[in-house]
Every structure is written in structure tokens, then in C-alpha cells.
Amino acid sequence: MENKSLDAIREEIDKVDRELSVLIQKRMDLVSGIAMLKAQTGKDVLDKSREEEVIQNVLSMVRNQEYKDSVKKIFEYIMQCSREYQKNRIREQNKERYGLIGEKLAHSISPQIHKELFEMTEKDASYQTIEVPKTEIPDILNRLKNEGYKGINVTIPYKTEIMAYLDTVSDIAARIGAVNTVKIDSLFEGYNTDYYGFGKALDFYGFDCKNRTCAVLGSGGSAKAVAAYLEDKGAAKITIVSRDPQAASLKFQELECSEINNFSASGYDLIVNATPVGMYPKTGFSPLSKEQLKGASFVMDLIYNPVETLLLKYAKELSIPCANGLYMLVAQAVCSEEIWQGVDYGQGIINEIYEIFRKQSLS
């Protein structure tokens, strides 16, 4: 050993450390399995006799007695880390579980919104994003139920597809033809909280749609939720603005449908963008030109990332009051929790959470 250079010895140590890292990860995978079994059976994390057995087993492999105390300390620390990891895994397993299913969810802030609500209401629960390929949709609800989930949100592109696997669907969701919230109990119950979230956002911004002229850009699930709310609240006129007005007219048979390139917002009290045009990462696009937007009284873009879409930039340049979709996102999330928890949190808590994320988005 004395003939080797310092760098050569260090290189060998680095190689051993990499091998140890792989083995420790493999050990932690097994520890995770033990934690799941203990959570199911109610066994204590600490098993002194088992730990002593592990230590003695390890020490029996030590050939150089000078290393014995060091090896013992290292494995005692490994056992301590294993106990802490098991406790955390069991704690997570025992929490009420909720989540969001969709195709691409890397940029979703829904987990942070629900985490904020859990902390405010002192609820011991977790909320995860769950990316699901289309082929797994038929089995996803049963799988999540078996994993202990009490409720999920549903986003693009599964809001309509999930309905085939539900036992009940609320009247609003059935009318819209889209579900974004599922309560998992003895039955799978479907709801649409986009409808209520949009309404709470209008209330927050002080816009009363009764007897107003409104235009909805887009003809998908979000557009249907927006149009249904505007209809129910007595809007005088609702125009669906689409690239394919003929196809849109089949979905919105009682409403006027307009081709987007020929549309002018002049004279409209409310313009709602329910398309993904301008959404991250494809920013820098707007469903309407600045010229088309002239004459509108209020503009709401359901997109919240980026904070200011090109459509909203045009609105500000034209001195038109406007808002993005952040408040609606927070409101629909809180509405989902109200369904799952069976409580009414009220608009105050929505305002609090919204303010937290509004400040974050500006920083």
C-alpha cells in the first residue's frame, strides 16, 4: 500500500464508495418494504433483538480487529437511519392521501396549494402528482383506492375519459361533460369544481355576469364549465369563439359560435380565454390579436403560467381590466377539498392561499 500514490489510493476509495452507495440504496429499498409491512401489521419500528443480530452478523465478517469498533459505529448509524426512514414512511402511509392525475404534470403547483390548505387546517394529509399513460386509465381508480387514496383531481387529457369509470357523476359535471374531481369511497363519485372555481374568481374580481355579453375562447372542457356557469348566472349573450365553429356548434348547440379569425371583442363585457394558447412553455402567443381585443370591458385568461400571457399584455396595453387563472386554480382546489372533507372552508381561506401564490409568482 505504501508504494501507491495518494491519488491512486483515493481513486480506489472513490470506487469503493460508489459501490457502497449502490448497496446502501439497495438496502434502503428493502427497508422501505419492511416499513410498508410494519404499517400494515402495526409492528413497532424498533426491534432491538433484530438490530443486535444484524450488528453481530456484520462484526463476524470483520477480519482486522482494529476496524471492529469503527465498523460497529458505522452500522449502528445505518440502523438509526433505517429506523428514521421507516418512521417517515409509516407516517406518510398513514396519512390521508390525495393526488392529481394527468399526462404531463411536472409544472403543476396543485401539490403546493393543497399542502398550504392542509397546513392552514392542521390536517395530516398528503397530495401527489401522478402521471398516468392513457392505457392505465381503466384501472387507475381501483389502483389508487387500493393504495389508500381518498380523492383525486383529474386534468388534461382525462377529464372526459375518466367519466366512464365512475359510479356517480354530479349534475353539473354531467352537463359539462367533464370531471376534474373524484371522491374515492365505497363508490367513485365525479364532480366538476372548475365550474365553481370560475364563479368564485368572478366574485373575487367583482364581475357580475347577469345580463352581460360574454365570449369564451375555446370549446374544450374548461370552456364548457365557463359557459355553463355564465348560462346559470343569467348572462345575456354567450359566444363560443373557436377555430372550428361548426364543430363547436355541435357541443354548444344553444349558443352562438364564431370563427376566431373573424371575431372582434368590441362591445363584449367579458372575454374568457379557455384555450391553452399562450401557456408555458409555448409563451408569446395569443388567441386574439391586440386589434381583435379592442373594445372589451374585462378579460380573464384561465392560464396562470406565465403570470402575464400575451393576451393579458395586450389587455393592459389597451387599459382593459384583466386577470389570470391563478385565483380560479386555487378556488377549484379548495372546492375539491370541500367535497373530500365534507366541510365548507369559505372564500376567506381561498383568498389567503391565493395571496401566498400571487406573491410567489411575482417574486
Within 45° cone of Phe207 ring axis and under 6.0 Å: Arg212 NZ or CZ: yes
Report yes or no: is the cationic atom of Lys200 (NZ for Lys, CZ for Arg) closer than 6.0 Å to the six-membered ring centre of Tyr327, at no more than 45° off its axis? no
Whether [Y] and [X] form a salt bridge (side-chain N of Lys/Arg under 4.0 Å from carboxylate O of Asp/Glu) is what I want to check.
| X | Y | result |
| --- | --- | --- |
| Glu96 | Lys123 | yes |
| Lys134 | Glu103 | no |
| Arg358 | Glu355 | yes |
| Asp194 | Lys159 | yes |
| Arg175 | Asp232 | yes |
| Arg50 | Glu53 | yes |

According to the interplanar angle, ranging from 0 to 90°, do the rings of Trp340 and Tyr127 count as parallel (below 30°), tilted (30 to 60°) or perpendicular (above 60°)? tilted
Proximity of Tyr354 and Phe204 rings by center, below 6.0 Å: yes
Below 6.0 angstrom between ring centroids: does that apply to Tyr280 and His107? yes
Between Asn180 and Gln332, is the side chain to side chain donor-acceptor pair (under 3.5 Å) condition met? List the steps. CA-CA 9 Å; Asn180 77 324; Gln332 67 81 27; 3.2 Å; yes
